[in-house]
> 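Below you'll find the structure I mean.
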Amino acid sequence: MALLVMKFGGTSVADLARIRNASLKVKREVERGHQVVVVVSAMSGETNKLVGLVNDAASGAEATAPGFYDAREYDAVVASGELVTSGLMAIVLQEMGIQARSWQGWQVPVNTTDAHGAARIESIPRANLDAKFAEGMEVAVIAGFQGVGPDGRVTTLGRGGSDTTAVAFAAALNAERCDIYTDVDGIYTTDPRITAKARKLEKIAFEEMLELASLGAKVLQTRSVELAMRNKVRLQVLSSFNDEPGTLVCDEEDIMESNVVTGIACSRDEAKLTLISVADRPGVAAAIFTPLAEAGIVVDMIVQNVAEEGRTDMTFSCPVGDVAKAEAALEAAKARGEFNYRSLDKDVDVAKVSIVGVGMRSHAGVAQKMFKNLADDGVNIKVITTSEIKVSVLVDRKYMELTVQSLHDAFELDRAP
Ligand code: ASP
Ligand code: MG
């Protein structure tokens, strides 16, 4: 009998009516002859509420920031949201005549590391589940987002972690597929708010999904996509509010036909910083990026250019909200004599637009076509970076939408391959 993992996110189990609606989808799969493992999130808003309570409870303590109070108790509290939905769904399924029971993370067990609040799953032994399936259980309703640490205490996996729970179960149980039911009906070629021509993809490769994180991040926790890629778990993203087919996230080899460019991602709030005239010698890049890393600044694009003899210019991009912090970290390091530069150029009005597709590996001229398109639109490119399956450019923020729309047309993403 084929085993299916079905995961329902917070909006899909937000109240009893929605839990019933989700349960009907589970029932349908049971009737089709599937063994089903359901993974549920907490009702939407519930985890935020629990985190708030923890913060309030700790507010008398010396240090109240998360991480300063007992993280084991944080986990004990925030894991409870999923316990509620797993029990409720088991009851609703039983009312529908299905042999269902709830499972808390420790009961399976979902073994994790001891990093409370951000634990990683180490193993999911299947013996307990298999024994209950053998006794006639038709559906196991698993509380997502949680596990048990080496010390026997409840752990949680980090926000959005129930996607990772679902994929980990699919991998451990060799599931036929892992269906992620959510409030969007799939992955689109680009943000539909930017162009009405955005098209829902039938399939997308794991690597493309990871590169398109800015499109998919709200839909799937990135970690879950990495886990699915490593274990070749076929993931389907679909809406719990209709019966439309969703998007299958799968291995490149499982996709027969695709466009050269699969999707276009963009990110609005970028900044570009350039250190003018730094010494061209070993160790300079390390010296520049060390204080930035220590300040917790996530640097994205990096370009180094030879300027005059023995000097280079170093350009990088980071979130616009981090510019002041980056500047302070660089100035401080310069004052300590760690490296030198003549001046720091800041451009805080840029956005990043990226085209992504595994087809780029075997097609020439993709970048050229992108650049020509921007040229025809009169859009100046400020920084370019590439990977094997992606070309990213920084442009003036005011041109972001235009650039996305124009590239979507140029690469005919509105047409199915
Ligand atoms: N309930 C948890 C959260 O809100 C886990 C999840 O929904 O994936 O982060
Ligand atoms: Mg989620």
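Note that the structure is a prediction, hence the values are computed from the model and not measured. Start at 1 and go down the list; that is how both ligands and their atoms are numbered.
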> Under a plain distance cut-off of 3.5 Å, with no hydrogens placed, do Ser406 and Asn373 share a side-chain donor-acceptor pair?
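Yes.
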> Do Asn111 and Glu122 have a side chain donor and acceptor closer than 3.5 Å?
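There is no such pair (donor and acceptor under 3.5 Å, judged by atom type) between the side chains of Asn111 and Glu122.
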> Return yes or no for this condition: an N or O of Lys7 is under 3.5 Å from an N or O of ligand 1.
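No; the residue has no nitrogen or oxygen that sits under 3.5 Å from a nitrogen or oxygen of the ligand.
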> Is the count of non-hydrogen atoms from other residues, nucleotides or ligands lying under 6.0 Å from Lys200 atom NZ greater than 12?
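Above 12, so yes.
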> Could you tell me whether ligand 1 has any atom less than 4.0 Å away from a heavy atom of Gly81?
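False for this residue.
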> Side chains of Gln221 and Thr164 only: does a donor on one sit below 3.5 Å from an acceptor on the other?
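Yes, because at least one side-chain N or O of Gln221 sits under 3.5 Å from a partner of the opposite role on Thr164.
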> Does Arg101 come within less than 4.0 Å of Glu135, counting only side-chain N to carboxylate O?
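So Arg101 does not pair with Glu135 through a salt bridge.
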> Examine Asp163 against ligand 1 and note whether any of their N/O atoms are separated by less than 3.5 Å.
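By distance alone, the answer is no.
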> Return yes if a side-chain donor-acceptor contact under 3.5 Å exists between Thr156 and Asp75, otherwise no.
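There is such a pair between these side chains.
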> Numbering the atoms of ligand 1 from 1, which are under 4.0 Å from a heavy atom of Arg159?
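Once the distances to Arg159 are compared, the set is 3 (C), 4 (O), 9 (O).
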> What part of Glu46, side chain, backbone, both or neither, has a heavy atom within less than 4.0 angstrom of ligand 1?
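For Glu46, no heavy atom sits under 4.0 Å from ligand 1.
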> Only heavy atoms of Ser41, strictly under 4.0 Å: list the atoms of ligand 1 that pass.
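Those qualifying, in numeric order: 6 (C), 7 (O), 8 (O).
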> My understanding is that we take every heavy atom of each candidate and find the minimum distance to atom 6 (C) of ligand 1. Doing that for Ser162, Gly158, Gly45, Gly10, which one comes out nearest?
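Selected option, by shortest heavy-atom distance: Ser162.
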> Work out whether the distance between some heavy atom of Gly144 and some atom of ligand 1 is less than 4.0 Å.
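So Gly144 does not count as touching ligand 1.
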